[in-house]
Amino acid sequence: MPKRSPSSLDPRAPLVLDTRDLPRRPGALRTHRRVVPAPADLGVELITVPVGADLDLDLRLESVSEGVLVSGTITGPVQGECGRCLREIDYSVAVNVQELYAYANSTTDDTTDEDEVGRMQDDLIDLEPALRDAVVLTLPTNPLCREDCPGLCPECGVHWDDLPADHSHQQTDPRWASLSQLNRTEE
Ligand SMILES: [Zn+2]
Ligand SMILES: [Zn+2]
């Protein structure tokens, strides 16, 4: 397998973790607390974290023998549309991440695929793929404004909440309508 070229990550990028101050001694710990802007397209079709929104990173970086274990919580706002009534939804989600990033040339690096275990790129970690996976797993594919949202009347498109209980679109037959018109003129 070809070895990766030297890191192409930018250590100042919001979702790149710099581990240069973390000793490569198992058990060494650093915390990483930061608010960063959300990348584009973070989410699923109907509900996403708005691009540039504040993502609150509360992470722990721990040296283990084969690499760095990143764990913690990332919190941010999500916005979307109710799948039944199209009302706007916005709330905040907290996703847990726990991911091992193997050192280059470690046994883990040599014996696993990159999609199983993350990789350090020199002293840098690209957190974005793990963040994307965690967010996509957390967000509902069919978001609802509330669990029992009744949706819209298919005839007039008005929310069932805003319609009387006996709302219906039963048409009176137009022939009967004209008959009753006749009756009226005869009177
Ligand atoms: Zn709804
Ligand atoms: Zn209706």
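Note that ligands are numbered from 1 as they come in the structure, with each ligand's atoms numbered from 1 the same way.
The SG atom of Cys149 and the SG atom of Cys145 meet at the Zn ion (ligand 1) at an angle of about 110°, given to 10°. Put simply, the angle at the Zn ion (ligand 2) from SG in Cys156 to NE2 in His169 is close to 110°, to the nearest 10°. The SG atom of Cys82 and the SG atom of Cys85 meet at the Zn ion (ligand 1) at an angle of about 100°, given to 10°.
Within a 6.0 Å radius of CD in Glu116, more than 12 heavy atoms belonging to other residues, nucleotides or ligands are found. With a 6.0 Å radius and a threshold of 12 heavy atoms from other residues, nucleotides or ligands, Asp41 has its CG atom at or below the threshold.
Nearest to the Zn ion (ligand 2), among the N, O or S atoms that His167 has, is NE2.
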Quiz item: Can you check salt bridge (Lys or Arg N to Asp or Glu O under 4.0 Å) on Asp148 and Arg84, steps first, answer last?
Solution: CA-CA 10 Å; Asp148 62 346; Arg84 287 188 198 148; over 6 Å; no

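Judged by distance alone, the side chains of Ser106 and Arg119 never bring a donor and an acceptor atom under 3.5 Å apart.
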